[in-house]
Chemist: 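One structure coming up, written as structure tokens, with questions to follow.
We use all heavy atoms of the structure for the numbers below, so side chains are in, but hydrogens, waters and symmetry mates are not.
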Amino acid sequence: LRVSQRTRISSWGSGAAAGDGKGVAAFTPGVMYLTGRRIGQDDGEALRWFRRAAGHGHTGAIFNLGFMYLEGRNVDQDDVEVQKWFILATGQGDDRAVRAQTFLAQRMTPQQMGEAQARARAWQARPGARSRPGGGRRLRACVAEWFPPARPRPAHARAPASRPGGPPRLPPTPRPH
């Protein structure tokens, strides 16, 4: 007996991992449905899985929900709802959401911004709400520790800023045979 991919995806996200506070089990099928990877592309299913993962505090799912509302993918395009999701993702340290939120705020009225903030607070205050405050900040701190910024090169090792008669010459690019 062969189990369909849709059935396997549904049972995958409903296991213990989806209910134990880790939204990855619900986020991954959402990405698969959104992109059409390994399963048919279906915005409605992607939206359902992202909502489930967002309920577990998954930052990527929260950002993707904002993206889906921004583009009107299987939902009505709604700037207030978009801003709500970007506010929530920003609160968890998602840099993409910070840029998107800033861009979107330029075309919104103060009343719309206030409504988006109220919706974001309501989402955070719902019963059983889970979030990862500063989730992205912890990752950035680890990356900074593992990959410290490069030290400046000594002056004698730097290439000259320019040569007389124009910019410095680059070595010729090897051509394929």
Side-chain angles (χ1 to χ4, degrees), residues 1-108 115-117 119-147:
L1 179 68
R2 204 163 168 213
V3 179
S4 74
Q5 282 184 323
R6 193 173 292 262
T7 303
R8 278 188 273 155
I9 294 293
S10 295
S11 63
W12 178 27
S14 63
D20 69 359
K22 297 183 179 174
V24 174
F27 176 72
T28 303
V31 171
M32 291 169 72
Y33 279 115
L34 182 66
T35 62
R37 279 207 151 152
R38 298 185 180 199
I39 196 160
Q41 198 275 335
D42 185 343
D43 287 342
E45 283 295 308
L47 192 67
R48 185 172 74 87
W49 285 104
F50 287 147
R51 282 188 179 135
R52 180 182 276 182
H56 290 291
H58 192 282
T59 307
I62 293 169
F63 177 82
N64 284 354
L65 281 168
F67 171 77
M68 292 186 78
Y69 276 94
L70 180 66
E71 291 201 338
R73 293 183 75 162
N74 206 55
V75 292
D76 291 334
Q77 201 284 331
D78 179 1
D79 285 349
V80 173
E81 193 68 11
V82 173
Q83 191 69 296
K84 169 189 123 176
W85 292 113
F86 288 160
I87 288 169
L88 292 168
T90 297
Q92 293 191 12
D94 190 316
D95 293 333
R96 301 170 302 170
V98 172
R99 290 189 301 273
Q101 183 183 2
T102 304
F103 171 77
L104 189 61
Q106 295 173 0
R107 70 180 196 198
M108 294 178 70
E115 175 64 22
Q117 291 168 350
R119 288 184 191 182
R121 282 192 298 273
W123 172 266
Q124 290 172 328
R126 75 193 191 294
R130 296 180 186 165
S131 67
R132 296 181 344 203
R137 291 185 206 102
R138 283 191 301 251
L139 176 61
R140 283 193 296 280
C142 289
V143 169
E145 181 181 326
W146 297 333
F147 303 102

Chemist: Could you walk me through whether Glu81 and Leu65 satisfy the side-chain contact (heavy atoms from CB on, under 4.5 Å) test, starting with their C-alpha distance in whole Å, then the side-chain angles of each, then the deciding distance to 0.1 Å, before giving a yes or no?
Modeler: CA-CA 9 Å; Glu81 193 68 11; Leu65 281 168; over 6 Å; no
Chemist: Hey, could you give me the CD/NZ distance between Glu115 and Lys84, rounded to the nearest 0.5 Å?
Modeler: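 So the CD of Glu115 and the NZ of Lys84 are separated by 10.0 Å.
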Chemist: Among Trp85, Tyr69, Phe86, which one satisfies ring pair (Phe, Tyr, Trp, His ring centres under 6.0 Å) with Phe63?
Modeler: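 Answer to the ring pair (Phe, Tyr, Trp, His ring centres under 6.0 Å) test with Phe63 among Trp85, Tyr69, Phe86: Phe86.
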Chemist: Atom CG of Leu70 and atom CG of Asn64: how far apart are they, to the nearest 0.5 Å?
Modeler: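 Rounded to the nearest 0.5 Å, the CG-CG separation comes to 11.5 Å.
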Chemist: Search all heavy atoms of Gly30 against all heavy atoms of Ala46 and return the closest pair with its distance.
Modeler: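 The pair with the smallest heavy-atom distance is O-CB, 3.4 Å.
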Chemist: Give the intermediate values and the outcome of side-chain contact (heavy atoms from CB on, under 4.5 Å) for residues Arg73 and Phe67.
Modeler: CA-CA 9 Å; Arg73 293 183 75 162; Phe67 171 77; 3.8 Å; yes
Chemist: Closest approach of Gly60 and Arg96, non-hydrogen atoms and distance?
Modeler: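 Nearest pair, atom of Gly60 first, then Arg96: CA-NH2, 4.4 Å.
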Chemist: Testing Thr102, Val98, Asp95, Thr59 one by one against Thr90 for a side chain to side chain contact (heavy atoms under 4.5 Å, CB included), which residue passes?
Modeler: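 Among the candidates, only Val98 passes.
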Chemist: Please walk me through it: do Ile62 and Asp94 pass side-chain contact (heavy atoms from CB on, under 4.5 Å)?
Modeler: CA-CA 10 Å; Ile62 293 169; Asp94 190 316; over 6 Å; no
Chemist: So, for Gln117 and Ile87, which heavy atoms are closest and what is the spacing to 0.1 Å?
Modeler: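 Taking Gln117 first and Ile87 second, the nearest heavy atoms are CG-CD1, 3.7 Å.
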Chemist: Please identify each residue that fulfils salt bridge (Lys or Arg N to Asp or Glu O under 4.0 Å) with Arg107, with sequence neighbours left out.
Modeler: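 Counting only residues at least two positions away or on another chain, Arg107 forms a salt bridge (Lys or Arg N to Asp or Glu O under 4.0 Å) with Asp79.
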Chemist: What closest approach, in Å, do Ala61 and Ala54 show between heavy atoms, and which atom pair accounts for it?
Modeler: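 Between these two residues, the closest heavy atoms are CB-N, 3.8 Å.
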Chemist: With rounding to the nearest 0.5 angstrom, report the CG to CD distance, Leu104 to Gln83.
Modeler: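 If we round to the nearest 0.5 Å, Leu104:CG and Gln83:CD are 4.5 Å apart.
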Chemist: Sequence neighbours left out, what passes side-chain hydrogen bond (donor to acceptor under 3.5 Å, both in side chains) with Gln41? Give chain and number order.
Modeler: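 Testing Gln41 for side-chain hydrogen bond (donor to acceptor under 3.5 Å, both in side chains), a comparison that skips the adjacent residues, returns Asp43.
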Chemist: Could Arg126 and Trp123 be counted as a cation-pi pair, given that NZ or CZ must be under 6.0 Å from the ring centre and within 45° of the axis?
Modeler: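 That pair qualifies as a cation-pi contact.
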Chemist: Side chains of Phe27 and Phe50: closer than 4.5 Å at any heavy-atom pair?
Modeler: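 With C-beta onward as the side chain, the pair touches.
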Chemist: Under 4.5 Å between any side-chain heavy atoms of Met68 and Leu34, yes or no?
Modeler: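 Yes, at least one pair of side-chain atoms sits under 4.5 Å.
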Chemist: Grab the two heavy atoms, one from Gly44 and one from Asn74, that are nearest each other, plus how far apart they are.
Modeler: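 The answer is CA-ND2, 3.0 Å.
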